[in-house]
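Notes to accompany the following structure.
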There are 2 protein chains.
Amino acid sequence: MADGPTINTIAERAGVSIASVSRVLNGLPTRQETERKVLKAAEELGYVRNAVARSLKSRRTNQVAFAMADVGNPAYLAMLRQIQPVLKAAGYRLVLHSTDAVAADEIDVLHSLGERYVDGLIMSPLRVTDAHLEMLAAARAPVVIIGSVPEGTPVDNVRADSRTGVRLAVHHLYALGRRRIAMVNGPIDTVPGAARGAAYREALENLGLPYDDDLVQIGDFYRAEGARAVAELLARVPDVDALMCANDLIALGALDVLRAAGRRVPDDVAVVGMDDTDLAAASWPSLTSVSLGSAERGKVAAELLLERLRGGDSEPRVVTVAPRLAVRASTAGPAYEGASDGSDRKEGGA
Amino acid sequence: MADGPTINTIAERAGVSIASVSRVLNGLPTRQETERKVLKAAEELGYVRNAVARSLKSRRTNQVAFAMADVGNPAYLAMLRQIQPVLKAAGYRLVLHSTDAVAADEIDVLHSLGERYVDGLIMSPLRVTDAHLEMLAAARAPVVIIGSVPEGTPVDNVRADSRTGVRLAVHHLYALGRRRIAMVNGPIDTVPGAARGAAYREALENLGLPYDDDLVQIGDFYRAEGARAVAELLARVPDVDALMCANDLIALGALDVLRAAGRRVPDDVAVVGMDDTDLAAASWPSLTSVSLGSAERGKVAAELLLERLRGGDSEPRVVTVAPRLAVRASTAGPAYEGASDGSDRKEGGA
DNA sequence: CACCACACCGTAAACGTTTACAGATGTTGG
DNA sequence: CCAACATCTGTAAACGTTTACGGTGTGGTG
């Protein structure tokens, strides 16, 4: 792994100055003869431009960072899938950060923006603390936040609308004739937990249905926890006829328990998940799920960031992505089984 | 976004030379008084070290690239999930490349290694062409290949063992009393397709079962294609009692068709998938699947690369990761339903 | 023939660090 | 009081580019 050639090596071999080499390599006007010599030398030496030196001089790295809480989380992966091609098309490399849902790590990432190893950042923070806001205000490169950020924070901001999402789902269930609609939520001290819980309550009110504490069950955002929560719920309110689950894993847990209890889905109990992950289409019965547009949010965030990088210095923008209800068999019955929505993705192996 | 402070700014403010500043910031021995002044100035200015300049001088970027065919592919994501923490713990950033399964893009990535924007590369190529081998031989930074690479290629190499994997599955089916074991494969001109097809044939031979062309159905690695293939297969050989599917998506398609046809799983037909993705545990019945150790391969690859980066210049190493059969309900029946294997992962949303 | 315009090229400085080397300062011992 | 030495600090070069600026040679014009 010997030291590679530099423009100096080329200049020497071609008998010209390094300035000429640089000009040729950057397509600036040069005499044909010089160009020929330089290209020949470069070719023979197998020259490749040093990106680090170039970045130092040009003050651009052509890299963008994406910081997410957890590489294992399907919602973030959906974002990643959309972000990647947008950046790639614009000639940017993608640096991935997983903050393991630790706020200090998120602050770290923000801080490291000062190292200027990237030109910009897309971040989806778990929750937004004062420390976050402080760092964001002082950020030395453009940042786009996926999630909600207070009015006045000087960054672009792409939001989901879980309130409308939950409403869509609850109205859907209502339209199917369900009147005992329960909510199976995750911890309510998390951002999504709180938002989804409130949205559920609001949606009921909207429909003129009574809010019943017995119909709300708190668990956690995992399959096993979801199952446990639903078991409790069933014991307490046997006449429940629909479950609004705060994410897809909880909903899968619900399906497990309902099957074990001999309740038919959706005939006896309809089930709705949230996030519309790949799992929703894969389960059986396939799962009706509220998409909060993770993919779309990723795409929009990438586009906003690119605009900033191109020099747009407009006011910070806020984009809210509309939720969508993916209706499948767990509410609408077997007719909707296998209704493809393009989420059938290749997987190989090696 | 004004120009940030540099060590020059600090030096001026603290009344010392830039050399002293650098020394303090790198923890080299310095007089207390100087150290104090420098740290104070740095603090007040909100100084952050410029990573690009540092990289240029030190010839290390503290970045490592991972190139995969497709960000949407669960097998690669499993690798990513393991690679990320290993690199992070060692202080490396992760640059992600998605080559969209285009060989030219893979070559590009290899070529761009010469730009020295990363210290090393982990790559899982779709297939290995002569162009790949040429670039690998000339690579200007350590590379670890996930997949198989010919003897003599000067890079570390982490392999799956699909032959043993398929054998495990077929033997499992045999042990359950199945004798008409079909294979539903993807295109046989792909690396995994060819390997899995051959392994199936070999496993049958091994067990003294006859190889029957009628029992082999070629489709593609998607759910809908899998379903189509299985439908054809069922029409042709109604007495089939087990399906060895070349990946999980095909297997999900198989479950769809079998359910529609009124065949019970596993009572009438047992089904095995491959890759053991999250989908396997989520489906119903849950899917027995051959894990080729994507996660493990990612982890090993990252560790091998780190060793190289630490200066190990041993002979190229080849590590083969053992496959594992995750037995679930689609072969072993309801008793195995919900048998957790730790793949129950948190998902939030925001 | 003198002069100018022009195209091309080379010199050198700059980007922000790290570090070899030599100079400055202070300490110790004779 | 000076030599010898240790300790700390500053100067300058280097990493590999890009680019402003001025110099050179050519051809054309008056």
Side-chain angles (χ1 to χ4, degrees), chain A residues 1-39 41-42 45-63 112-119 140-141, chain B residues 1-39 41-42 45-63 112-119 140-141:
Chain A
M1 246 152 273
D3 265 16
T6 72
I7 52 172
N8 283 288
T9 331
I10 297 182
E12 227 170 284
R13 176 181 265 251
V16 300
S17 76
I18 61 166
S20 289
V21 175
S22 177
R23 276 189 286 259
V24 170
L25 296 177
N26 288 304
L28 297 177
T30 322
R31 201 168 40 150
Q32 285 246 333
E33 169 65 5
T34 313
E35 180 170 334
R36 203 188 47 69
K37 281 191 296 187
V38 168
L39 290 179
L45 290 166
Y47 171 79
V48 182
R49 193 193 270 118
N50 183 312
V52 177
R54 168 173 251 219
S55 291
L56 178 58
K57 182 68 193 169
S58 67
R59 297 154 153 283
R60 323 182 57 245
T61 60
N62 294 310
Q63 295 191 151
S112 72
L113 265 189
E115 293 180 16
R116 309 204 145 278
Y117 66 98
V118 285
D119 298 338
R140 292 229 239 274
Chain B
M1 243 151 276
D3 263 18
T6 71
I7 53 172
N8 283 288
T9 331
I10 297 183
E12 225 169 285
R13 177 181 262 252
V16 300
S17 76
I18 61 166
S20 288
V21 175
S22 177
R23 275 189 287 259
V24 170
L25 295 176
N26 289 305
L28 298 177
T30 322
R31 202 169 40 148
Q32 283 245 335
E33 169 64 7
T34 313
E35 180 170 337
R36 204 188 47 70
K37 282 191 295 188
V38 168
L39 291 180
L45 290 165
Y47 171 79
V48 183
R49 192 193 269 118
N50 183 311
V52 176
R54 168 173 252 221
S55 291
L56 178 58
K57 182 67 196 175
S58 68
R59 299 156 152 283
R60 323 183 57 245
T61 59
N62 293 309
Q63 294 191 151
S112 72
L113 264 190
E115 294 180 15
R116 308 206 145 278
Y117 67 97
V118 284
D119 298 338
R140 293 227 240 275

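Proteins come first, then strands; the chains are lettered A, B, ... in the order of their sequence lines, and each starts at number 1. The basis for the numbers below is simple: all heavy atoms, side chains too, and nothing from hydrogens, waters or symmetry mates.
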Less than 3.5 Å apart, any donor N or O on the side chain of A:Thr9 or A:Tyr47 sitting next to an acceptor on the other? no
Short side-chain donor-acceptor distance under 3.5 Å, B:Asn8 and B:Arg13: no
On DNA chain D, nearest-nucleotide positions of B:Ser20 versus A:Val48: which is more 5'? B:Ser20
B:Glu33 atom CD: more than 12 heavy-atom contacts under 6.0 Å: yes
Side-chain donor/acceptor of B:Ser55 to backbone N/O of B:Ala51, under 3.5 Å: yes
Please report the distance, rounded to the nearest Å, between CG in B:Leu28 and P in D:dT7. 15 Å
Can you see if the side chain of B:Ser22 gets near the phosphate of C:dT18 - specifically, an N or O under 4.0 Å from OP1 or OP2? yes
D:dT17 C1' sits how many Å from B:Glu115 CD, rounded? 13 Å
Could you state the CZ-C1' distance from B:Arg23 to D:dT11, rounded to the nearest angstrom? 11 Å
Length of the line joining A:Asn26:CG and D:dT17:P, which is rounded to integer Å: 11 Å
Quick one: are B:Asn50 and B:Thr6 in side-chain contact, heavy atoms under 4.5 Å? no
Base, sugar-phosphate or nothing for A:Val16? Non-hydrogen atoms, less than 4.0 Å. sugar-phosphate
Whether the side chain of B:Thr30 engages the backbone of B:Leu28 through a donor-acceptor N/O pair (distance < 3.5 Å, no angle test) should be reported. yes
Please give, in whole Å, the distance from C:dT25 C1' to B:Glu33 CD? 15 Å
What is the distance from CZ of B:Arg31 to C1' of D:dG10, rounded to the nearest Å? 13 Å
D:dC8 P sits how many Å from B:Lys37 NZ, rounded? 14 Å
Are a donor atom and an acceptor atom from the side chains of A:Arg49 and A:Asn26 found within less than 3.5 Å of each other? yes
Using nucleotides 12-16 of chain C, report all nitrogen or oxygen pairs with the protein that are shorter than 3.5 Å.
| from | atom 1 | to | atom 2 | distance (Å) |
| --- | --- | --- | --- | --- |
| C:dA14 | N3 | A:Lys57 | NZ | 3.1 |
| C:dG16 | OP1 | A:Arg59 | NH2 | 2.9 |

Which part of the nucleic acid does A:Ser55 contact within heavy-atom distance under 4.0 Å: base, sugar-phosphate only, or nothing? nothing
